[in-house]
> 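Before I ask anything, let me first share the structure, which is written out below as structure tokens.
We use all heavy atoms of the structure for the numbers below, so side chains are in, but hydrogens, waters and symmetry mates are not.
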Amino acid sequence: MKVLVIGAGNMGLTYAEGMSTSKLLNNNNIMVLDNSEEKLKELDEIPYFDACRDLKDCVPQADIIFIAVKPFHAESVFENLKPLTNKNQIIVSVMAGVTIAAMKKMSGLDKIVRAMPNLPAQIGKGLTSFVASAEVSEQEASDIESLLSTTGKSLKVASENYIDASTGISGSGPAYVFFFMESMMKAALEMGFSNEDSRTLVTQTFAGAVELFNQSDLTPKEWMDRVASKGGTTRAALNSMEANKVDVLIRDAAYAAFNRAIELGEEH
């Protein structure tokens, strides 16, 4: 199996590096194509990458073509790809909002996988949701799932609607966590803690809470009830959040991202 990654930006290189560890590729180098000569020179120095400077030199060799460019480049990328592809090749795209139907039309290929990654993929803690067109076999979908999981975990969903929905949850979700962290750090600073101590207080609290949750079967509500005693400090904080409808605002934010993902799809 040979993989070509088009686009050596953060997400493209993240998946290229992850997939290079996959046993499925049997130590075959990952082909990576980019239009930046500076980036290609960097890739030349990495032994498990084959830097590609011309589509015709790498597209015909690829079994899987991984598209990791900005959505507005989709049309030009597929226009250049189309004369060089064959019907057995699989396109895997992490372009936000570009639908399977649009990619089929632009590429002339039927085997399309649309994926939605998130930022923690860069440290092997990512979550990539994906959906495959009907022409992708079960074995091919399983292989794609294995490759995507090299950057964390992958989740196969039933339809493209869930790709847009996962954009609002996992795709954009890290930013919501950072927003909450920033607010808590600001509160810590206002209470007199130093920048370093504020960072420690907040980051360790988040890390510990997530680990507690992952090591049990308790729901978030059950954990909140364990932490919050009647008339106590935690209950005062939770009462304040409930009174200000913070939960509603968070859901509204997730739906704003979801709806924007749908709009992006319509634009393409």
> What's the shortest heavy-atom distance between Phe258 and Asn161, and which atoms?
CZ-OD1, 3.8 Å

> Taking the side chain as everything from C-beta on, heavy atoms only, tell me whether Ile90 gets closer than 4.5 Å to Asp63.
no

> Under the side-chain contact (heavy atoms from CB on, under 4.5 Å) test against Cys52, which residue among Leu33, Leu40, Ile6 passes?
Leu33

> Nearest heavy-atom pair of Gln89 and Asn86: which atoms, and what distance?
OE1-N, 2.7 Å

> Would you indicate whether Phe193, at its atom CZ, is surrounded by more than 12 heavy atoms from other residues, nucleotides or ligands within a distance under 6.0 Å?
no

> Where do Ile112 and Val136 land on the side chain to side chain contact (heavy atoms under 4.5 Å, CB included) test, with the steps shown first?
CA-CA 7 Å; Ile112 310 288; Val136 177; 6.0 Å; no

> Once side-chain contact (heavy atoms from CB on, under 4.5 Å) is applied, do any residues pair with Glu38, and if so which ones, sequence neighbours excluded?
Ser36, Glu42

> Please determine whether the number of non-hydrogen atoms from other residues, nucleotides or ligands lying under 6.0 Å from atom OH of Tyr176 exceeds 12.
yes

> So, Asn28 side chain and Leu25 main chain: donor-acceptor pair closer than 3.5 Å or not?
yes

> Ile169: what forms a side-chain contact (heavy atoms from CB on, under 4.5 Å) with it, not counting sequence neighbours?
Ala254

> Tell me, with the steps shown, if Leu147 and Phe66 meet side chain to side chain contact (heavy atoms under 4.5 Å, CB included).
CA-CA 11 Å; Leu147 291 174; Phe66 201 101; over 6 Å; no

> Give a yes or no on whether Met106 and Val113 share a hydrophobic cluster (residues Ile, Leu, Val, Met, Phe, Trp, Tyr; joining criterion: side-chain heavy atoms under 4.5 Å apart).
no

> Give me the atom names and distance for the closest heavy-atom approach of Glu160 to Thr99.
OE1-CA, 3.3 Å

> Tell me the side chain to side chain donor-acceptor pair (under 3.5 Å) pairs involving residues 102-112, sequence neighbours left out?
Lys104-Glu135, Lys111-Glu140

> Quick check on the hydrophobic clustering: are Val157 and Met116 connected, directly or via other members, by side-chain heavy-atom contacts under 4.5 Å?
yes

> For Asn29 versus Pro47, what's the shortest heavy-atom pair and its separation?
ND2-O, 3.2 Å

> Asn259 and Glu263: side-chain donor and acceptor closer than 3.5 Å?
no

> Please report the closest heavy-atom contact between Met1 and Asp143, naming both atoms and the distance.
CE-OD2, 3.8 Å

> Are there more than 12 heavy atoms of other residues, nucleotides or ligands under 6.0 Å from atom OH of Tyr255?
no

> Run the side chain to side chain contact (heavy atoms under 4.5 Å, CB included) check on Asp247 and Met241 step by step: do they pass?
CA-CA 8 Å; Asp247 58 333; Met241 291 182 191; over 6 Å; no

> Using atom types as modelled and distance alone, determine if a side-chain donor or acceptor of Lys82 lies under 3.5 Å from a backbone N or O of Leu109.
no

> Would the number of heavy atoms belonging to other residues, nucleotides or ligands and lying under 6.0 Å from CZ of Arg53 be above 12?
yes

> Would you tabulate the side-chain donor-acceptor contacts of residues 12-21 under 3.5 Å, counting partners in other chains and residues two or more places apart, or write 'none'?
residue	atom	partner	partner atom	Å
Thr14	OG1	Asn10	O	2.7
Tyr15	OH	Thr128	OG1	2.3
Ser20	OG	Glu17	O	2.6
Thr21	OG1	Gly18	O	2.6

> Which heavy atom in Ile100 sits nearest to a heavy atom in Ala132, and how many Å separate them?
CD1-C, 4.3 Å

> I'd like to know if the side chain of Gln61 and the backbone of Lys2 have a donor-acceptor N/O pair within less than 3.5 Å.
no

> Any salt bridge between Lys245 and Asp252, counting N to O under 4.0 Å?
no

> Hey, mind stepping through Asp164 and Arg114 against salt bridge (charged side-chain N to carboxylate O under 4.0 Å, His left out) and telling me if it holds?
CA-CA 10 Å; Asp164 293 327; Arg114 182 181 168 196; 3.0 Å; yes

> For residues 165-175, which residue pairs pass the side chain to side chain donor-acceptor pair (under 3.5 Å) check, not counting sequence neighbours?
Ser129-Ser166

> Quick one: list whatever passes side chain to side chain donor-acceptor pair (under 3.5 Å) with Lys221, sequence neighbours left out.
Asp225

> Check the pair Lys230 / Arg235 against side chain to side chain contact (heavy atoms under 4.5 Å, CB included), numbers first and verdict last.
CA-CA 6 Å; Lys230 186 176 180 180; Arg235 179 49 58 193; 6.0 Å; no

> Report whether Leu81 and Val98 are members of the same hydrophobic cluster (ILVMFWY, side-chain heavy atoms less than 4.5 Å apart, transitive linking).
yes

